[in-house]
Amino acid sequence: MKIPQDKIDEIRSSADIADVISNYVPLRKRGKNYIGLCPFHSEKTPSFTVNSNLQIYKCFGCSAGGNVFTFLMEYKNLSFIESVQEIAEQYGIKIEYEEEAFNKQQDEIEELYDINLVAAKYFSENLFKKSEGESARNYLEKRRLKVQTQKIFGLGYALDSWDSFLNLAKSKSIDLDKAKQIGLIDVNSTGGYYDKFRSRIIFPIFSPNGRVIAFGGRIFKEGEQGAKYLNSPESKVYHKRSALYGLYHAKESIREFDKAILVEGYMDLISLYQNGVKNVVASSGTSLTDEQVKLLGRFTKNIYVLFDADAAGQKAAVRSIEILLKENFEVKVITLPEGEDPDSFINNYGKDEFAEKVKNAASFFEYQVEQLRKAGKLDNVNDQTEAIREIVKNVALVKDVLRRTLLIKSLANKFGLREKLIESELEKIVSPKSERIIKPSLIEAEKQVVTIDEVKRIPELEREIIKLLFEGDSEILGLILDEVHDDDFTVEGFKILSSMIRSEFAGNKNVTTSYLIEKIENPKLKDFVEKLLLEDDPISKKMWEEYTNEIVLRNNKIIFAQDVVRRFHILTIDKTIHTIQNELNAEKDQSVITELLQELDALIKEKASLRNQHENS
Ligand SMILES: [Zn+2]
């Protein structure tokens with residue numbers, strides 16, 4: 001089922017983003033924007049911004065952002081198509097679908113999701129309906145997982161076979177190369193395909209919106225060979241570093257309680273969930289990454305770390321804590337009795353005992369002192385100094401100055417030390433001497449025709465041009481794209497953006513802001529553009545003031561755009577002049593000097609002409 005692209009464009013441009021969002025989030029008008037409390041992270045002062053002209057939203061707290069479709073996808077856990085359908089319904093637009101074969105999906109990513117979905121259903125049927133699934137059913141029963149829980153988490157079973165998924169894939173004419181891309185099948189040395197997951201319990205991994213992005217397969221039979229866990233490889237739909245197991249199931253509860261519990265494994269998480277503790281996510285074996293922590297930070301900044309009581313678990317806990325502190329999380333540590341893991345503990349002691357453990361969780365810092373005490377590191381003065389350094393190292397990770405000060409106070413109390421002493425230890429870590437940046441000497445250059453201050457403004461003007469491009473005015477787009485080439489930009493990311501807009505514009509697409517935003521693939525660039533468009537940009541203001549007399553009075557944005565481009569060209573010429581001047585200073589060969597001078601002369605003339613146009617515009 002496919003919705004034609006022009007229909008999607010029509011639906012996108014019919015919706016008013018402020019209307020749609022205000023169904024879910026109270027908004028009030030401020031300046032040219034609407035603001036409200038962000039639904040994607042917990043906050044007390046509004047940083048969630050919606051702009052009706054550009055039809056986009058952006059949260060300056062957690063960076064969530066996008067257009068009307070993105071909002072529904074994130075807020076209501078819808079797929080792209082579902083969110084298009086929802087808006088269409090709301091605005092009474094009738095959709096005519098184009099029928100299509102499975103392997104001609106809307107785009108490649110959608111196709112990969114669909115293949116994963118087929119696989120997830122297949123694994124699930126093996127587990128619940130096939131006689132071969134009995135051993136897996138028995139195993140999960142032994143692990144005290146209820147059937148209902150197994151279904152909630154979409155658990156499945158990969159048959160003990162080399163080709164049963166492969167045959168299913170063929171029968172559904174699934175693109176085998178794509179199934180290989182997402183690690184469901186692989187190729188052997190003779191070029192034949194085979195099933196990657198065999199004789200394993202399958203844990204589907206979901207995106208925060210509930211789409212199947214990958215699988216984890218666990219061996220469970222006595223004496224079975226191979227790695228305990230087999231995971232899907234990195235792919236276009238599965239970015240290991242930013243996937244957090246269980247977030248889809250936990251997010252409502254995390255928002256509700258404004259805290260999350262972090263465990264290590266799938267089974268820990270599922271057991272806790274079954275016992276009513278639902279605000280849990282799992283780092284699933286690997287150590288926690290910055291990306292995972294940033295993602296979680298959109299839901300809460302309070303985290304309880306709960307790792308196995310064994311040495312490996314505790315080591316992993318300490319590593320995770322460091323990353324969490326860097327992202328300004330309030331970190332607590334839950335400690336279980338020796339020999340217990342979260343799964344065994346909740347099953348042996350129940351929910352209330354567990355709640356008690358959460359209540360008594362130590363701050364990361366108390367926890368660390370306790371660990372050092374256990375290791376005997378607080379017994380004599382020498383070791384103690386070492387121990388303090390160890391702890392201060394973590395305090396230094398906390399970016400928030402106020403929180404850091406409070407931590408220093410309590411550290412001082414705990415050890416009976418002067419705060420100054422700890423501060424000076426901290427100082428050594430926070431500002432190492434090597435941080436001074438040496439600026440290239442430009443004194444000589446500054447004496448020349450072109451001052452470096454002007455050249456330094458190139459990135460500012462480039463930002464201004466990018467901003468104009470994304471405002472989606474086709475006349476301005478045409479004008480800028482004619483005059484500025486992708487390679488003219490000095491900032492690498494701007495080249496990418498400019499080239500993307502160029503190809504969208506060439507395809508005669510409906511190049512509105514909200515359409516263009518959807519097309520940015522790189523999340524960092526997308527974040528940048530959204531902020532650029534919605535923030536009260538001091539650079540724009542400065543530019544406007546510079547042109548106030550002519551431009552604002554005429555109230556003509558086109559002239560403004562033309563002039564920005566002209567200024568950009570002038571500065572680009574300045575940059576070249578600058579380079580030539582430096583070459584001239586170093587050059588000894590008279591014939592080269594003559595050539596350079598001619599080039600310089602031509603550039604100065606070109607610049608003068610542009611400047612003239614600029615002044616008369
Ligand atoms: Zn937010």
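Residue indices begin at 1 and follow the sequence shown. In listed order, ligands and their atoms are each counted from 1. Hydrogens, waters and symmetry mates are skipped; everything else that's a heavy atom, side chains included, is used. Here the structure is a predicted model, which means the values were calculated and not measured.
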Query raised in the report: Do E504 and Y515 have side-chain N/O donor and acceptor atoms under 3.5 Å apart?
Result: yes
Report summary line: The protein N, O or S atoms lying under 2.8 Å from the Zn ion (ligand 1) are C38 SG, H41 ND1, C59 SG, C62 SG
Report task. Mind telling me whether F206 and H249 have parallel, tilted or perpendicular rings, with 30° and 60° as the class edges? Result -> perpendicular
Query raised in the report: Parallel, tilted or perpendicular for F494 and F528, by the 30°/60° rule?
Result: tilted
Are [X] and [Y] within salt-bridge range, i.e. N to O under 4.0 Å?
| X | Y | result |
| --- | --- | --- |
| E110 | R211 | yes |
| K524 | D527 | no |
| K76 | E86 | yes |

